[in-house]
Amino acid sequence: MDDNKLAELLFPQIKKRAEDYEAMYPARNLPEGAKVTRLGPSPTGFIHLGNLYGAFVDERLAHQSDGIFYLRIEDTDDKRYVEGAVEIIINSLKFFGIHFDEGASLEGDLGDYGDYTQSKRGEIYQSFAKKLVAEGKAYPCFLTEEEIAEIRAGQEAAKANPGIYGEYAKSRELSYEEILENLNAGKPYVLRLKSDGNPNQSDETVRKIRVNDAIRGILEMPENFQDVVILKATGIPTYHFAHVVDDHLMRTTHVIRGAEWLPSLPIHVELFEKLGWEPPIYCHTAQLMKLDEEGNKRKLSKRKDPELSLDYYRNQGYHPAAVREYLLTILNSNFEEWRMENPDAPIDDFTFTTEKMSNSGALFDLNKLNDISKDVLLRIPAAELYAFLKEWAEEFKPEIMHIFDDRAYLEKILDLGRNDKKPRKDFIYAQQMIAFISYFFDDLFQVEDEMPQEVPSEDVPAILNAYLAGYDHSDDQSQWFDKIRNIATELGYAAKPKDFKKHPEDYKGHVGHVSTVIRIALMGRAQSPDVWEIQQILGEERTKARISRYQ
């Protein structure tokens, strides 16, 4: 068959050749060793932790090497497209500090290697599909859905590998005349790769491909023998074909993607070979796992685990710096050691490498994220925390915007106990922070805890009356606590907890129980930062009003 003639028959409208596109998208002028990486999410309306996990690897590899990190929207699956999803993707990644050098943006494409949305690159894919047909490496397949279902049933009965290959690829050897006849009859077709793999080899003789994965090392896998679809009946490319063409023309050097793509690797290797291109370096990341209630590892699930969605972290108000820091602990095994040695260093000073990435399941632990978040927030000045909280509240909790009216007051609250010799680590994420500091605001104040059991109910007003009678806002911490100790002893409580522990029969309780009464009246809680410091922030008037109101 004259393959050139067939290519013209199938693609008469395509005039540009592969050489034209090579000239349009030349090799990038970058420093030696610079990496070009991309993030290629599908606009399905759901952006998840795995996207951020991969994006962080992309961003670090590119920016540490003075390279390029770009965003490509992979929307060839029009059935899954969700309106507004691209905006969600861009805004979510921006929130977590992921910045692209080029690619799709809300203002339009940035960079010289676009269009960066696959649905707008149809002519490019068809041009390279035409090239494959002209070289005898692809063919039109007229199998109907019913025929494919019949083939699949026969393969299941014969326990053969599913798919279209060998004897099942019934359109592979059609003559030009037969193809023309099918086209004239209006039969729809897909374009399939004419694979060189031999489906009939035994396990001992099957040819293998060898790929040096930057995370997993040398991978050896059976070569592809499937005649996979590269263009659908609509002329839209499959993911397999589109990403190969785009990664080459956009001069991608490293492709970071999940381990679920490993089975497709032989297909992609063959496509690169058939098109005459050097494949990028593949980096197949470990799947994000979590421990279930029985202590077994399982994959994070969209249905079962709300923490898989990036919306979860935004709604809760996790600081992006905390999420980034946590991701590095599960991405590079030496990061925690580096952080201990460099407690105050910017995260970007850490040298990220694919060699230190796990190739087994990466364990995601929300409790560990919370612990890391406490440390990260402790390093962020109160002024920055104020700005972060305010921005979060504007979007997710507008009913509390009044707490930001007195900036100096709120910054004092946010700094409470954070500069002590043993600094307090009370803050985890915005939702929790607001709940934690709510007692500083009268309209948010709630009594959450009951008075200590050791304090009889009739002693509560006695303690609070005595406290108010002797209250002097100018007392230092020592003078303040001496007064509480005096109240305690006068009412029959031990001046020291150890005295009560030794002789509980001699006392109602101890000074700690008395101070807890004051704490609950003032904050509504049995546990809180230092009461004296809280009073200094609340001010004399609010402190006295709060105590009086409880009685």
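Given the structure is predicted, the values throughout are model-derived calculations rather than measurements. These numbers come from the heavy atoms of this one structure, side chains and all, not from hydrogens, waters or symmetry mates.
Electrostatic pairing of Asp420 and Lys422 does not count as a salt bridge here, judged by no charged N lying under 4.0 Å from a carboxylate O. The pair Asp75-Lys120 does not count as a salt bridge, with every side-chain nitrogen at least 4.0 angstrom from each carboxylate oxygen. Using a cutoff of 4.0 Å between basic side-chain nitrogens and carboxylate oxygens, Asp292 and Lys297 are not scored as salt-bridged. With salt bridges taken as basic N to acidic carboxylate O contacts below 4.0 Å, one links Glu325 and Arg379. Between Arg339 and Glu341 there is no salt bridge, since none of the side-chain N atoms of the basic residue sits less than 4.0 Å from a carboxylate O of the acidic one. Ion pairing between a basic and an acidic side chain is recognised when a charged N comes within 4.0 Å of a carboxylate O; Lys290 and Asp365 show no such pairing. Salt bridge present: Lys368 and Glu336 bring a charged side-chain N and a carboxylate O closer than 4.0 Å. Residues Asp499 and Lys496 are not paired through a salt bridge, judged by the lack of any N-O separation under 4.0 Å between the basic side chain and the carboxylate.
Residues Gly54 and Ile256 approach most closely at O-CG2, 4.1 Å, considering heavy atoms. The minimum heavy-atom distance between Phe427 and Leu385, with the atom names listed, is CD1-CD1, 4.3 Å. Nearest heavy atom pair, residue Cys283 against residue Thr354, reads SG-CG2, 4.4 Å. Across all their heavy atoms, Val514 and Ile463 have their closest contact at CG1-CG2, 3.8 Å. When all heavy atoms of Gly33 and Ser65 are compared, the closest pair comes out as O-CB, 3.6 Å. Considering every non-hydrogen atom in both Leu331 and Phe56, the closest pair reads CD1-CD2, 3.7 Å.
In this structure, the separation between CG on Leu377 and NZ on Lys425 is 11.5 Å, given to the nearest 0.5 Å.
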Derivation and outcome, side-chain hydrogen bond (donor to acceptor under 3.5 Å, both in side chains), residues Ser528 and Arg519: CA-CA 8 Å; Ser528 75; Arg519 191 186 299 268; 2.8 Å; yes
Is there a side-chain hydrogen bond (donor to acceptor under 3.5 Å, both in side chains) between Ser478 and Asp476 once you walk through the steps? CA-CA 6 Å; Ser478 176; Asp476 63 24; 4.6 Å; no
Worked check of ring-ring contact (aromatic ring centres under 6.0 Å, His included) between Tyr70 and Tyr113: CA-CA 10 Å; Tyr70 69 91; Tyr113 288 78; 8.3 Å; no
Using salt bridge (Lys or Arg N to Asp or Glu O under 4.0 Å), reason through Lys374 and Asp426 one step at a time and then give a plain yes or no. CA-CA 7 Å; Lys374 289 177 184 179; Asp426 293 316; over 6 Å; no
Using the salt bridge (Lys or Arg N to Asp or Glu O under 4.0 Å) rule, take Arg424 and Asp530 through it: C-alpha gap first, then chi angles, then the decisive distance, then the call. CA-CA 10 Å; Arg424 294 185 64 92; Asp530 183 79; over 6 Å; no
Apply salt bridge (Lys or Arg N to Asp or Glu O under 4.0 Å) to Arg298 and Asp305, showing your working. CA-CA 11 Å; Arg298 66 165 174 79; Asp305 305 309; 2.8 Å; yes
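For the pair Met357/Phe352, a side-chain contact is recorded, criterion being any heavy-atom separation below 4.5 Å from C-beta on. Annotation: side chain of Tyr312 is in contact with side chain of Leu366 (closest heavy-atom distance under 4.5 Å). In this structure, the side chains of Ile534 and Met523 come closer than 4.5 Å at one or more pairs of heavy atoms. Glu87 has its side chain out of reach of Pro43: every pair of non-hydrogen atoms, C-beta onward, lies at least 4.5 Å apart. Here the side chains of Leu363 and Ile330 are not in contact, with every heavy-atom distance at 4.5 Å or above. Side chains of Phe100 and Ile90 form no contact here, defined as non-hydrogen atoms less than 4.5 Å apart. Between Tyr550 and Val460 the shortest side-chain heavy-atom distance falls below 4.5 Å. Considering only heavy atoms from C-beta on, Gln535 comes within 4.5 Å of Trp480 through its side chain.
For the residue pair His254 / Asp58, no side-chain donor-acceptor distance below 3.5 Å is found, with atom types taken as modelled. Between the side chains of His284 and Tyr282, no donor-acceptor pair is found at a separation under 3.5 Å. For the residue pair Arg485 and Ser515, no side-chain donor N or O sits within less than 3.5 Å of a side-chain acceptor on the partner.
Ring geometry for His319 against Phe388 counts as tilted: the plane angle lies between 30° and 60°, on a 0 to 90° scale. Classification of the His63-Phe69 ring pair by plane angle, with boundaries at 30° and 60°, yields perpendicular. Relative orientation of the Tyr429 and Tyr318 rings is tilted, given thresholds of 30° and 60° on the angle between their planes.
In Glu32, the CD atom is not crowded: 12 or fewer heavy atoms of neighbouring residues, nucleotides or ligands sit closer than 6.0 Å. The local environment of CD in Glu411 is crowded, with over 12 non-hydrogen atoms from other residues, nucleotides or ligands closer than 6.0 Å. For Gln477, the CD atom is densely surrounded, since the number of other residues' heavy atoms within 6.0 Å is greater than 12. Around CD of Gln527, the count of heavy atoms belonging to other residues, nucleotides or ligands within 6.0 Å does not exceed 12. Atom NZ of Lys508 has more than 12 heavy atoms from other residues, nucleotides or ligands within 6.0 Å. Residue-environment remark: NZ (Lys412) stays at or below the threshold of 12 foreign heavy atoms within 6.0 Å.
At least one donor-acceptor pair under 3.5 Å links the side chain of Arg418 to the backbone N or O of Ile380. Within the 3.5 Å criterion, the main-chain N or O of Trp338 finds a donor-acceptor partner in the side chain of Asn342. Distance alone, capped at 3.5 Å, is enough to place a donor-acceptor pair between the Trp532 side chain and the Asp475 backbone. When atom types are taken as modelled, the side chain of Arg407 and the backbone of Ala383 share a donor-acceptor pair closer than 3.5 angstrom. Between the side chain of His513 and the backbone N or O of His510 there is at least one donor-acceptor pair closer than 3.5 Å. Formation of a donor-acceptor pair under 3.5 Å by the Ser42 side chain with backbone atoms of Thr44 is not found in this model. In this structure, the side chain of Ser548 does not engage the main chain of Ala545 through any donor-acceptor pair within 3.5 Å. Distance alone, capped at 3.5 Å, is enough to place a donor-acceptor pair between the Thr543 side chain and the Gly539 backbone. A donor-acceptor contact shorter than 3.5 Å is absent between the side chain of Tyr326 and the backbone of Ile372. In this structure a side-chain-to-backbone donor-acceptor pair under 3.5 Å is missing from Arg72 to Ala104.
Aromatic rings of Trp261 and Tyr239 (six-membered ring for Trp) have centroids within the 6.0 Å cut-off, being under it. Between Phe335 and Phe350, the ring centre distance stays below 6.0 Å.
Cation-pi contact between Arg314 and Phe95: present, with separation from the ring centre below 6.0 Å and deviation from the ring axis of at most 45°.
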All N/O donor-acceptor pairs, side-chain side in residues 444-454, below 3.5 Å, sequence neighbours left out:
{"from": "Asp449", "atom 1": "OD2", "to": "Ala526", "atom 2": "N", "distance (Å)": "2.7"}

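Note on residues 99-117: pairs passing salt bridge (Lys or Arg N to Asp or Glu O under 4.0 Å), not counting sequence neighbours, are Arg28-Glu102.
With sequence neighbours excluded, the residues forming a ring-ring contact (aromatic ring centres under 6.0 Å, His included) with Phe441 are Tyr409, listed by chain and number.
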